[in-house]
Amino acid sequence: MTEEEPGPTEWSTTTGVGPWSGPLPDDTRYDQELLRDGDTRNVVDAYRYMTREAIVADIDRRRHPLHVAIENFGNDANIGGVVRAANAFAVDTVHIVGRRRWNRRGAMVTDRYQRLRHHDTIAELLVFAADAGLEVIAVDNVPGSVRLERAALPRNCLLIFGQEGPGITDDARAGAVRTVSIAQFGSTRSINAAVAAGIAMHTWIVQHADLDVAW
């Protein structure tokens, strides 16, 4: 699949629920076609049959003050995985720095429900973070980094991830208040960028989220 292609449009043709059973709800949040034909989208049960706009509005009400950014100077295919994890954790916004186009296949359509914002440069991203009152934390396994497992992440936070291979750029690291790394114990030098992003986001969730409102 090329980077221009939008990726899959449905989770599958079998996963989901069939047509609505019983009297139809009198609620504008519901999609009439989904009520009639069934809903095979990859959404939690609470959002079954709801319109995309209604789902986004409800997620907006639940979003956390956590932002994530990934550098895309080499068209990193991991961006889709980062977006999907960010959607799962109700991250406020995913920021993509560098190339505007990216392969959406790994997002599994979650980009329809996730706030996305593009920045041409790291400098532009850092200006946004300063204006929004976000502390910038770089995530990379480099000398001098602090163990993520022992770090207290700020509540109003922007996590920056580098692309696969090169990792965080010097400009991103210089603009961060500190750099954290994920503890590793095997032979590999690095963790897949999307996996690392998921681990870091979940660390923030453990420290700051209200788990009583999780699905």
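Everything numeric here is computed off the predicted structure, so don't read it as measured data.
- Counting only distance, with no hydrogens or angles, the side chain of Trp204 and the backbone of Gln207 share no donor-acceptor pair below 3.5 Å.
- Within the 4.5 Å cutoff, the side chain of Trp102 has no heavy atoms near those of the Ile70 side chain.
- A chain of hydrophobic side-chain contacts below 4.5 Å, direct or via other Ile, Leu, Val, Met, Phe, Trp or Tyr residues, connects Leu211 to Phe89.
- No side-chain heavy atom of Val142 sits less than 4.5 Å from a side-chain heavy atom of Ile168.
- Put simply, Trp215 and Tyr113 are part of the same group of oily side chains (I, L, V, M, F, W, Y) that touch within less than 4.5 Å, one to the next.
- The shortest side-chain heavy-atom distance between Val91 and Met201 falls under the 4.5 Å cut-off.
- Residue Val17 forms a side-chain contact (heavy atoms from CB on, under 4.5 Å) with just one option from Asp39, Leu34, Asp45, Thr40, and that option is Asp39.
- With sequence neighbours excluded, the residues satisfying side chain to side chain contact (heavy atoms under 4.5 Å, CB included) with Glu53 are Thr51.
- One finds a salt bridge joining Asp60 and Arg115 here, because a Lys/Arg side-chain nitrogen approaches an Asp/Glu carboxylate oxygen to under 4.0 Å.
- The pair Asp111-Arg104 meets the salt-bridge criterion, since a charged nitrogen lies less than 4.0 angstrom from a carboxylate oxygen.
- The side-chain hydrogen bond (donor to acceptor under 3.5 Å, both in side chains) analysis of residues 170-181, with sequence neighbours excluded, yields the pairs Asp140-Arg173, Ser145-Ser181, Asp170-Arg173.
- Taking the six-membered ring for Trp and the full ring otherwise, the centers of His67 and His95 sit less than 6.0 Å from each other.
- Residues Gly175 and Leu126 share a closest heavy-atom pair of CA-CD1, 3.7 Å.
- Across all their heavy atoms, Ala194 and Val82 have their closest contact at CA-CG2, 4.0 Å.
- Closest of all the heavy-atom pairs between Phe161 and Ala196 is CE2-O, 4.1 Å.
- Between Asn103 and Ile79, every side-chain heavy-atom pair lies at or beyond the 4.5 Å cut-off.
- Note on Val127: it does not cluster hydrophobically with Ile160, by side-chain heavy-atom contacts below 4.5 Å among ILVMFWY residues.
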Working note: Ile205 + His64, criterion side chain to side chain contact (heavy atoms under 4.5 Å, CB included); need CA distance, chi angles, decisive distance, verdict. CA-CA 9 Å; Ile205 290 294; His64 295 119; 3.7 Å; yes

In sequence, state the C-alpha distance, the side-chain angles, and the governing distance for Asn156 and Leu66, and then conclude on side chain to side chain contact (heavy atoms under 4.5 Å, CB included). CA-CA 6 Å; Asn156 298 309; Leu66 171 65; over 6 Å; no

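- Ring geometry for Phe128 versus His119: interplanar angle of 30 to 60°, hence tilted.
- For the residue pair Gly162 and Ala193, the shortest heavy atom distance occurs at O-CB, 4.0 Å.
- Between the CG atom of Asn78 and the CD atom of Gln163 there is a distance of 10.0 Å, given to the nearest 0.5 Å.
- Between Leu116 and Val83 the shortest side-chain heavy-atom distance falls below 4.5 Å.
- Note that the CZ atom of Arg100 and the NE2 atom of His118 stand 4.5 Å from one another [nearest 0.5 Å].
- Remark: the backbone N or O of Pro65 is not paired with any side-chain donor or acceptor of His208 at under 3.5 angstrom.
- Side-chain contact between Gln184 and Asn141 is present, with at least one heavy-atom pair separated by less than 4.5 Å.
- Remark: side-chain polar atoms of Asn192 are paired, donor with acceptor, to backbone N or O of Val195 under 3.5 angstrom.
- Interatomic distance, Asn87 CG to Arg84 CZ, rounded to the nearest 0.5 Å: 9.0 Å.
- Cluster membership for Val44 and Tyr49, using ILVMFWY side-chain heavy atoms within less than 4.5 angstrom, is shared.
- Put simply, the side chain of Ile122 reaches to within 4.5 Å of the side chain of Glu71, judged on heavy atoms.
- One distance of note links CZ of Arg48 with CG of Asp31; it measures 13.0 Å at 0.5 Å rounding.
- Side-chain contact between Leu134 and Cys157 is absent, with no heavy-atom pair separated by less than 4.5 Å.
- Here the CG atom belonging to Leu148 is positioned 8.5 Å from the CG atom belonging to Leu159, to the nearest 0.5 angstrom.
- The CD1 atom of Ile182 sits 7.0 Å away from the CD atom of Glu149 when rounded to the nearest 0.5 Å.
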